[in-house]
Amino acid sequence: MVTLSSNLDFDFQKVEEKWQRRWSESRIFEADPEEARPKFYVTVAYPYPNMPQHIGHARTYTLADVYARYKRMQGYNTLLPMAFHYTGTPILAQSKRIQSNDKELIEQFKSVGVSEDVIKTFDSPLNIARYFHNDLKLGMIEMGYSIDWRREFTTIDPAYSKFIEWQFYKLKSKDYITKGTHPIGWCPSCRNPVGQHDTKGDAEPEVGEFVAIKFIMDGYYLPAATLRPETIFGVTNIWINPRSDYVEVEVGREKLILSKPAAKKFSEQQSGVTTIRELKGSSLVGKYAVNPVTGERIPLLPADFVDPENATGVVMSVPAHAPYDLLAIMDLQKHPERLKEYGLDIGVISSLKPIPVVRSPGLPEIPTLDLVQRLGLRDQLDPKAEEATKELYQREFHNGEMRAETGKYAGMPVSKAKEEIKNDLISSSKALKFYDIINGPIYCRCGSKVTVNLMSDQWFINYGDPRWKSTVKDHLSKMSLLPEELREEFENVVDWLKEKACARRAGLGTPLPWDKDWIIESLSDSTIYMAFYTIAKTLNEAKIDPSLLTPEVFDYIFLGQGDPSSLGVTRDLLEKMRKEFLYFYPLDSRHSGRDLVPNHLTFFIFNHVAIFPPQLWPRQIVVNGSVLMEGKKMSKSLGNIIPLRKAIRMYGADTLRVSILSASELLQDADFSDSLARTTKVKLQEFYKFSLRYCNTPPLSGEEFDSLDKWLLSRTQRIIEQTTYSMENLRVREAIHSSFFILQQDIMWYLRRKGSQANDERTRSVVRYSLETIIKLMAPFSPHICEELWEKFGHKGFISVEKWPEVQPSLIDERSELSEELIKSIIEDTSEIIKVTGIAPSKIYYYTSPKWKWEIYLTLLELLESGVDPKSLLREAMKNPAIRSKGGIATKFINAVSTSIVTMPKDQRKKVLSVGILDESDILSKNLQFLSEYFKSPVELVSGEAPHYDPKRKADQAMPMRPAIYIEGS
RNA sequence: GCGGGGGUCGCCAAGUCAGGUCAAAGGCGCAAGGCUCAGGACCUUGUGGCGUAGGCCUUCGAGGGUUCAAAUCCCUCCCCCCGCACCA
């Protein structure tokens with residue numbers, strides 16, 4: 001068995017536990033109001049405790065923690081709280097499945113490490129919630145999140161329920177709560193709404209709204225269900241499946257005939273439906289009905305494609321626009337004997353002519369005729385008929401308009417006519433709405449088929465309210481969004497949001513205060529809870545009796561309304577809570593996964609805007625993408641979910657934090673993999689080991705520095721600047737890249753360049769300075785390892801509250817940066833020549849630029865800087881007498897350098913200009929030994945002013961920042 | 001359909017907002033070399049084409065355009081992914 005030698009280097013678990021303990025003991029993450037200090041308030045969407053958390057959850061939480069840690073180091077009194085969202089139905093569904101000994105779920109729990117004894121207790125929903133609540137919390141602690149745990153709560157705590165009641169009273173008082181009906185997936189045996197987690201195979205039931213047009217027949221109505229009510233003008237007949245069972249039902253004073261399964265569904269959607277009698281489909285065929293719109297008398301004909309399970313089992317036939325209808329008619333025309341069975345005259349069918357009602361550009365008069373021929377459709381059971389129907393529907397819906405024969409709808413676009421005709425038919429009670437599952441069949445976990453129930457008395461939050469919307473949009477435009485690309489999406493969500501059903505019949509949560517049969521659902525009770533954290537500490541510590549938390553109490557705490565001396569809670573406590581709320585609010589940054597953009601995050605803005613005064617509305621939203629596992633989506637069925645706490649033991653918390661956040665930028669999906677984690681782990685350990693070599697080196701003191709020292713000190717400033725900029729925009733991948741990887745590379749280059757002086761005390765102090773900078777910049781990402789190093793470097797306090805590094809302008813040294821760039825580019829060019837020519841160098845000669853080239857070079861840069869067009873660069877330069885006097889040699893040189901000058905980035909151009917003429921001979925002469933060692937060959941510097949040795953006439957090629965090179969081979 | 005995101009050198013993926021050091025970071029894979037009894041790990045080098053001098057040519061979904069200069073800006077088209085609710 002091979003033991004990882006790395007275990008000897010850095011024991012992640014031991015060090016992480018040590019610092020987690022110290023953080024907790026020292027209470028550095030507990031934030032209380034400090035009037036003199038600026039605050040920063042960060043929250044992240046609280047978790048739903050029905051499964052262990054995995055690496056995917058960790059991304060959002062880690063990001064929020066990194067941000068909080070960064071802001072804390074910048075001196076803000078930073079608060080990051082956490083709570084647990086018990087509200088909802090999945091936990092309930094799970095406990096039911098445990099009660100019924102569901103093997104699949106039990107296996108799932110086992111596979112994520114839940115013991116059998118614990119699973120046994122999961123027959124109670126609260127036990128599930130409490131178990132995973134604890135598991136999640138431990139995971140957060142083990143990840144090193146800087147959370148103030150004094151503010152923890154669950155959403156079914158009585159105090160929280162009181163808070164939610166207050167929220168709903170507020171919404172109601174502003175008329176944002178409405179009541180209505182809406183269709184919902186429903187299990188007829190359980191008598192309960194059915195969501196995705198309640199179905200076999202976790203299929204989401206999709207509800208479709210049909211218009212059932214009531215054709216009139218001898219005192220009965222035949223409700224023909226359609227998705228295209230506008231085609232009512234083109235109906236030629238009604239289709240009935242002769243082999244199906246139909247029933248006659250009575251609703252109010254109306255008698256309807258529809259298929260047997262449809263009648264059952266109908267009774268779920270409509271009260272007072274009674275069945276009168278059953279009848280065979282065949283007994284209906286051959287009769288006649290009247291089109292309620294056109295008054296036309298049309299026959300009832302037999303068709304096999306009519307599915308009694310689908311909608312009403314009565315279908316109106318529009319052969320001009322529905323391929324199925326045309327095909328069925330053609331079938332009958334081919335088999336007239338079928339008509340005789342029902343006593344129908346053959347003439348009936350041959351007289352059926354398609355009646356066009358929609359005209360679309362590019363489509364013939366009767367589009368179905370063309371389609372049937374083109375696709376070679378044979379009969380009504382042809383599988384391609386489905387596809388043809390869809391295609392035609394799309395084209396006509398988007399491009400078609402109603403023909404002249406359609407009366408008041410003539411000329412109207414189909415998309416509009418459809419809505420109008422539907423509304424007209426329903427309001428004149430010539431039609432009714434009929435709902436059905438359109439992606440069925442879907443089965444409830446109990447085995448019954450899911451149907452549609454029309455929930456009446458449903459409560460909604462009316463996010464469609466135009467005034468409310470416009471205030472939200474207005475505030476949104478003032479909010480910071482990270483990443484900014486999401487703004488458009490948010491704006492669109494605000495636009496199309498309408499009524500949101502806000503209560504359910506079942507689930508954990510807070511009952512609606514004025515209608516206790518309903519429980520406020522989970523997305524509606526989690527919109528303003530960030531305010532609750534600010535008082536949760538006091539509620540927890542003072543053990544305030546929840547029953548005292550009346551709406552008036554919250555009115556005072558959050559809105560400053562009412563008289564604090566006349567409420568059940570003492571005035572002191574009330575004022576303390578109000579003060580704390582006002583200190584931390586508004587929320588500075590809200591973090592969540594991108595899946596919550598179209599719901600939670602938008603509701604969050606809506607509710608804040610509705611309830612709090614404008615100065616307390618949230619300031620920023622941060623959204624991140626999800627995590628992939630080895631390039632694939634994490635899913636239960638793939639079995640590729642690693643519980644977070646297991647991963648922490650495998651790789652260490654710092655490794656996970658850095659891996660997840662360095663894998664991608666905010667919005668992209670981060671691809672986590674074992675190899676990524678291993679690599680990261682090794683890199684962190686190497687950094688730790690390397691840093692330790694400098695922990696006893698004295699810190700930098702203000703003595704003399706050589707060009708290389710100045711270079712690394714200057715580079716370090718650039719890295720601080722870059723990393724801080726990245727952190728401000730939460731470009732975490734970029735921040736880790738520059739602070740950890742680039743700066744380490746620079747240190748290594750510096751040491752290599754220092755050669756024999758690499759162990760001089762001054763060199764070591766410079767390295768120590770850069771290392772300490774990395775430790776500070778990385779502290780938000782890998783806090784444990786950074787604390788450990790910080791301590792090893794002899795510092796007393798926590799790095800977690802150390803000051804974030806700031807750029808020291810005095811340490812920026814452009815001249816040494818340029819001189820190092822010169823060396824690097826010489827190495828690059830020389831290597832390139834050696835590679836291409838295959839010469840094994842016996843001697844390398846470098847020719848520097850003569851002064852006059854530098855002068856022209858700088859003049860050209862100045863010209864560009866002053867806005868001269870690159871095209872006229874040569875002409876402009878020649879206006880300069882000093883250059884003109886050089887004649888053709890100057891022209892030649894300018895042509896040679898112009899590309900590199902024109903393409904030089906602005907920053908670089910400024911840098912070169914501000915440094916002026918670089919003494920290349922001096923720089924090179926000091927580095928000849930290094931270059932000689934690098935290329936394992938003697939190196940000679942030849943002055944470009946008067947080259948004494950230039951057999952291949954290379955000296956002419958020298959350009960500023962780019963000495964000419966001549967290599968002699970053996 | 002509506003809305004959002006995206007197509008980069010074998011794969012993954014930076015770069016696009018602020019055009020120029022971009023034949024284009026980094027990782028994986030592949031190839032050669034080093035280390036080693038050997039394998040793994042690790043290190044070095046190479047990885048669009050051509051080239052015995054730091055160069056040239058062709059590339060960033062396709063096609064046009066703007067510009068001294070386009071992966072980056074503008075227009076048109078093609079293709080892929082995600083969300084559309086009452087559910088966390």
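In what follows, chains carry the letters A, B, and so on, assigned in the order in which the sequence lines appear, proteins first and then strands, with residues in each chain numbered from 1.
- Checking B/A88, B/A53, B/G4 against the side-chain heavy atoms of A/Leu596 singles out B/A88 as nearest.
- When the P atom is used for both B/U58 and B/C43, the distance is 38 Å, rounded to whole Å.
- Here the nucleotide nearest the side chain of A/Lys498, chosen from B/A88, B/C86, B/A85, is B/A85.
- Contact check for A/Leu136 versus A/Phe84: side-chain heavy atoms found under the 4.5 Å cut-off.
- Judged by the 6.0 Å distance and 45° axis criteria, A/Lys500 is not positioned over the aromatic ring of A/Trp459.
- Mapping A/Ala501 and A/Ser825 onto RNA chain B by nearest heavy atom places A/Ser825 at the nucleotide closer to the 5' end.
- In the set B/C68, B/G4, B/C86, B/C86 carries the atom at the smallest distance from any side-chain atom of A/His182.
- Rounded to a whole Å, the CG atom of A/Leu92 is 10 Å from the P atom of B/A88.
- Using modelled atom types, one finds a donor on one side chain and an acceptor on the other under 3.5 Å when comparing A/His85 with A/Asp525.
- Counting non-hydrogen atoms under 4.0 angstrom, A/Pro963 reaches a base of the nucleic acid.
- When the side-chain nitrogen and oxygen atoms of A/Ser524 are compared with OP1 and OP2 of B/C86, none of them lie within a distance under 4.0 Å.
- B/A70 and B/C56 are spaced 15 Å apart, taking the P atom of each and rounding to whole Å.
- B/C77 and B/G61 make up a base pair, with Watson-Crick or G-U wobble contacts both under 3.5 Å.
- A/Gln744 and A/Glu686 share no donor-acceptor pair across their side chains, judged by distance under 3.5 Å alone.
- At the phosphate of B/C68, neither OP1 nor OP2 sits under 4.0 Å from any side-chain N or O atom of A/Arg875.
- Across all strands shown, A/Gly838 has no heavy atoms under 4.0 Å from either base or sugar-phosphate atoms.
- At whole-Å resolution of the value, CD in A/Glu488 and P in B/G6 are 11 Å apart.
- Within the 4.0 angstrom heavy-atom criterion, only backbone atoms of the sugar-phosphate kind lie near A/Ile184; the bases stay farther away.
- Nucleic acid contact for A/Lys871: sugar-phosphate only, since backbone atoms but no base atoms lie under 4.0 Å from a heavy atom of the residue.
- Within the 4.0 angstrom heavy-atom criterion, only backbone atoms of the sugar-phosphate kind lie near A/Glu521; the bases stay farther away.
- With distances taken from any side-chain atom of A/Val836 to the nucleotides B/A88, B/A53, B/A14, the minimum falls on B/A53.
- Across all strands shown, B/C42 pairs with B/G34; the Watson-Crick or G-U wobble distances both stay below 3.5 Å.
- The separation of B/A23 from B/G49, taken at their C1' atoms, amounts to 11 Å, rounded to a whole angstrom.
- If you check B/G54, B/A53, B/A18 against the side chain of A/Arg962, the one that comes closest is B/G54.
- When both pairing distances are held under 3.5 Å, B/A13 makes no Watson-Crick or G-U pair with any nucleotide shown.
- Note on A/Thr89: only backbone sugar-phosphate atoms sit closer than 4.0 angstrom, heavy atoms only; bases stay farther off.
- Across all strands shown, A/Ala503 has no heavy atoms under 4.0 Å from either base or sugar-phosphate atoms.
- Spacing of P atoms, B/G48 relative to B/G27, comes out at 15 Å, to the nearest Å.
- B/G46 sits 26 Å from B/A38 when the P atoms are compared, rounded to a whole Å.
- Within the structure, a side-chain polar atom (N or O) of A/Asn492 is placed less than 4.0 Å from OP1 or OP2 of B/G4.
- Of the candidate nucleotides B/C68, B/G54, B/A88, B/C68 has the atom nearest to the side chain of A/Val902.
- Between the side chains of A/Thr830 and A/Tyr846, at least one donor N or O sits under 3.5 Å from an acceptor N or O.
- Comparing the same atom, P, in B/U47 and in B/C37 gives a spacing of 32 Å after rounding to whole Å.
- Summarising the geometry, the separation between CZ on A/Arg594 and C1' on B/G4 is reported as 7 Å, rounded to the nearest angstrom.
- The side chain of A/Thr837 has B/U52 as its nearest neighbour among B/A88, B/U52, B/U47.
- Look at B/C2: its Watson-Crick or wobble partner, with both distances under 3.5 angstrom, is B/G83.
- Rounded to whole Å, atom P of B/U52 lies 18 Å from atom OH of A/Tyr966.
- With hydrogens and angles left out, the side-chain atoms of A/Asp956 and A/Tyr847 include no donor and acceptor closer than 3.5 Å.
- Across all strands shown, A/Tyr725 has heavy atoms under 4.0 Å from base atoms, whether or not it also approaches the sugar-phosphate.
- Whole-Å rounding puts the A/Ile742 CD1 to B/G26 C1' distance at 9 Å.
- Checked by atom type, the side-chain pair A/Thr155/A/Thr87 shows a donor-acceptor distance below 3.5 Å.
- Closest to the side chain of A/Gln957, out of B/G83, B/G54, B/A88, is B/G54.
- At a threshold of 4.0 angstrom between heavy atoms, the contacts of A/Pro90 are confined to the sugar-phosphate backbone, with no base atom among them.
- Comparing B/A14, B/G55, B/A53 against the side chain of A/Glu832 picks out B/G55 as the nearest.
- Projected onto RNA chain B by closest heavy-atom contact, A/Ile833 and A/Phe460 fall at different nucleotides, the more 5' of which corresponds to A/Ile833.
- Both tests hold for A/Arg590 against A/Phe604: distance to the six-membered ring centre under 6.0 Å, angle to the ring axis within 45°.
- Rounded to whole Å, atom P of B/G83 lies 17 Å from atom CZ of A/Phe490.
- A side-chain N or O of A/Ser524 and one of A/Glu521 form a donor-acceptor pair less than 3.5 Å apart.
- Here the separation of B/A14 from B/C22, taken at their C1' atoms, is 12 Å to the nearest Å.
- The side chain of A/Gln668 has B/A14 as its nearest neighbour among B/C68, B/G83, B/A14.
- Taking atom CD of residue A/Glu828 and atom C1' of nucleotide B/C22, one finds them 13 Å apart after rounding to whole Å.
- Nucleotide B/U47 forms a Watson-Crick or G-U wobble pair with B/G29, both donor-acceptor distances falling under 3.5 Å.
- Remark: the separation of the C1' atoms in B/U44 and B/C11 is 24 Å, to the nearest Å.
- Atom CG in A/Leu667 sits roughly 18 Å away from atom P in B/C81 (whole-Å rounding).
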